[in-house]
Amino acid sequence: RISSRDFQGAPQVTHYNQRVTSAAANSVTLTTQFEDTTGATTFSADQALRCDGGHLRATAYVDFSSQLMGGTAPAFRTETRNVTGDLLPADLQVGSDWTGSFAVTMTPANAAAENAPLGRGIDLTIRTHRRVVGEETVTVPAGTYQALKIQAETGMDGIAGGSENTDLVTTEWWVRGVGLVKSVFAAGGAMGDIVTEASSINVP
């Protein structure tokens with residue numbers, strides 16, 4: 001679940017689930033589905049992940065932010081043109097440091113999005129820099145875990161004539177053998193913190 005506030009500061013909760021829908025020797029398909037208040041699926045996206053020598057790599061970008069902006073439907077359609085770097089490197093431990101990027105094209109999916117800063121569409125490069133800053137206990141609705149605490153910095157190139165935006169900082173908690181169980185993004189202003197927590201986990 002994602003706990004956040006809208007631009008006027010009103011609380012809102014968004015639910016989504018992720019599950020492996022197919023698997024091969026060194027790759028899986030991860031399906032993400034967002035739900036409305038009745039539990040009906042409003043958005044679904046597949047992301048292929050592969051393991052190369054212990055390095056976990058994503059082949060496409062999934063745009064969670066548009067789910068928050070778009071309400072019951074995504075505000076933008078996102079097409080991934082190129083991916084570099086790792087989602088998670090091999091032998092992840094305190095002190096690990098890595099980068100990656102997604103080159104994407106975003107186009108508006110509804111009339112409201114056409115009036116947003118992205119206008120009628122834009123090519124972006126989304127840069128990520130992550131480092132493991134510690135290991136600690138974290139409690140979420142799904143349980144209590146010993147997790148690696150990761151600081152993730154995300155920047156975008158391509159907005160405002162190609163200028164480089166200030167990096168956005170998210171704190172993430174990853175658990176060995178489980179995955180990402182919590183993240184906190186300080187959006188600031190009326191929106192405050194955007195907190196994503198695992199509400200239930202099923203590891204076969």
Side-chain angles (χ1 to χ4, degrees), residues 1-7 9 11-20 28 30-35 42-45 47 49 55-58 60-70 74-76 78 80 83 85-89 92-102 104 124 126-156 165-203:
R1 70 183 185 194
I2 303 173
S3 302
S4 61
R5 296 180 180 272
D6 62 20
F7 293 114
Q12 59 184 13
V13 177
T14 305
H15 294 275
Y16 73 94
N17 66 72
Q18 291 182 312
R19 57 193 176 94
V20 174
V28 298
L30 185 67
T31 299
T32 301
Q33 292 180 319
F34 278 78
E35 302 171 349
T42 60
F43 167 82
S44 181
Q47 184 180 40
L49 305 175
H55 298 264
L56 187 64
R57 293 176 174 146
Y61 180 72
V62 177
D63 180 24
F64 285 1
S65 61
S66 283
Q67 304 309 309
L68 298 176
M69 293 173 59
F76 294 91
T78 304
T80 303
V83 181
D86 297 332
L87 176 62
L88 293 173
L92 196 62
Q93 57 187 300
V94 176
S96 294
D97 187 292
W98 70 103
T99 60
S101 69
F102 296 91
V104 304
L124 296 174
I126 301 164
R127 300 171 285 100
T128 60
H129 173 215
R130 285 183 168 91
R131 59 190 177 92
V132 183
V133 296
E135 187 170 357
E136 64 184 28
T137 300
V138 61
T139 298
V140 296
T144 299
Y145 302 92
Q146 191 68 16
L148 291 174
K149 185 178 181 180
I150 294 176
Q151 180 173 293
E153 298 175 350
T154 302
M156 295 185 185
N165 283 22
T166 302
D167 284 348
L168 307 175
V169 178
T170 303
T171 304
E172 303 173 339
W173 287 263
W174 290 79
V175 177
R176 298 184 189 278
V178 175
L180 178 65
V181 299
K182 183 178 180 179
S183 69
V184 177
F185 168 59
M191 295 185 70
D193 288 346
I194 298 175
V195 180
T196 302
E197 298 175 294
S199 55
S200 65
I201 298 172
N202 176 28
V203 180

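The shown structure was predicted, so the numbers you read here are calculated from the model rather than taken from an experiment. No hydrogens, no waters, no symmetry mates; every other heavy atom, side chains included, goes into these values.
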Smallest separation among heavy atoms of Val94 and Glu135, with atom names:
CG2-N, 4.2 Å
Tell me if a side-chain donor or acceptor on Thr80 pairs with a main-chain N or O of Tyr61 at a distance below 3.5 Å.
yes
Closest heavy-atom contact between Leu87 and Trp98?
O-NE1, 3.3 Å
Can you tell me how far apart OG (Ser199) and CG (Asn17) are? Round to the nearest 0.5 Å.
9.0 Å
Rounded to the nearest 0.5 Å, what's the gap from OG1 on Thr196 to CH2 on Trp173? Could you check?
10.5 Å
Distance col, row Ile2:CD1 vs Phe34:CZ, nearest 0.5 angstrom, shows 4.5 Å
With distance as the sole criterion, is a donor-acceptor pair present between the side chains of Thr154 and Thr128 under 3.5 Å?
no
Closest approach of Leu49 and Leu56, non-hydrogen atoms and distance?
CB-CD1, 4.2 Å
Could you measure the distance from the CE atom of Met156 to the CG atom of Leu168? Nearest 0.5 Å is fine.
6.5 Å
Interatomic distance, OG@Ser101 vs CG@Leu124, rounded to 0.5 Å, equals 12.0 Å
From the options Leu180, Val62, Thr32, select the one residue that forms a side-chain contact (heavy atoms from CB on, under 4.5 Å) with Gln18.
Thr32
Does a side-chain heavy-atom distance below 4.5 Å link Phe102 with Thr78?
no
Sorted by chain and residue number, the side chain to side chain contact (heavy atoms under 4.5 Å, CB included) partners of Ser200 (sequence neighbours excluded) come out as none
Pairs touching residues 173-187 that satisfy salt bridge (Lys or Arg N to Asp or Glu O under 4.0 Å), sequence neighbours left out:
none
Quick one: closest heavy-atom pair of Val203 and Gly177, and the distance?
CG1-O, 3.8 Å
Examine the side chains of Gln12 and Ser4 and answer whether a donor and an acceptor come within less than 3.5 Å of each other.
yes
Using every non-hydrogen atom in the two residues, find where Val83 and Ala58 come nearest and quote the distance to one decimal.
CG1-O, 3.2 Å
Checking side-chain hydrogen bond (donor to acceptor under 3.5 Å, both in side chains) against Glu172, which of Lys149, Gln151, Arg130 comes through?
Arg130
Please find the pair of heavy atoms, one from Trp174 and one from Ile150, that lie closest to each other, and give the distance.
CD1-CD1, 3.3 Å
How long is the straight-line distance from CG of Leu88 back to CZ of Arg57, given to the nearest 0.5 Å?
11.5 Å
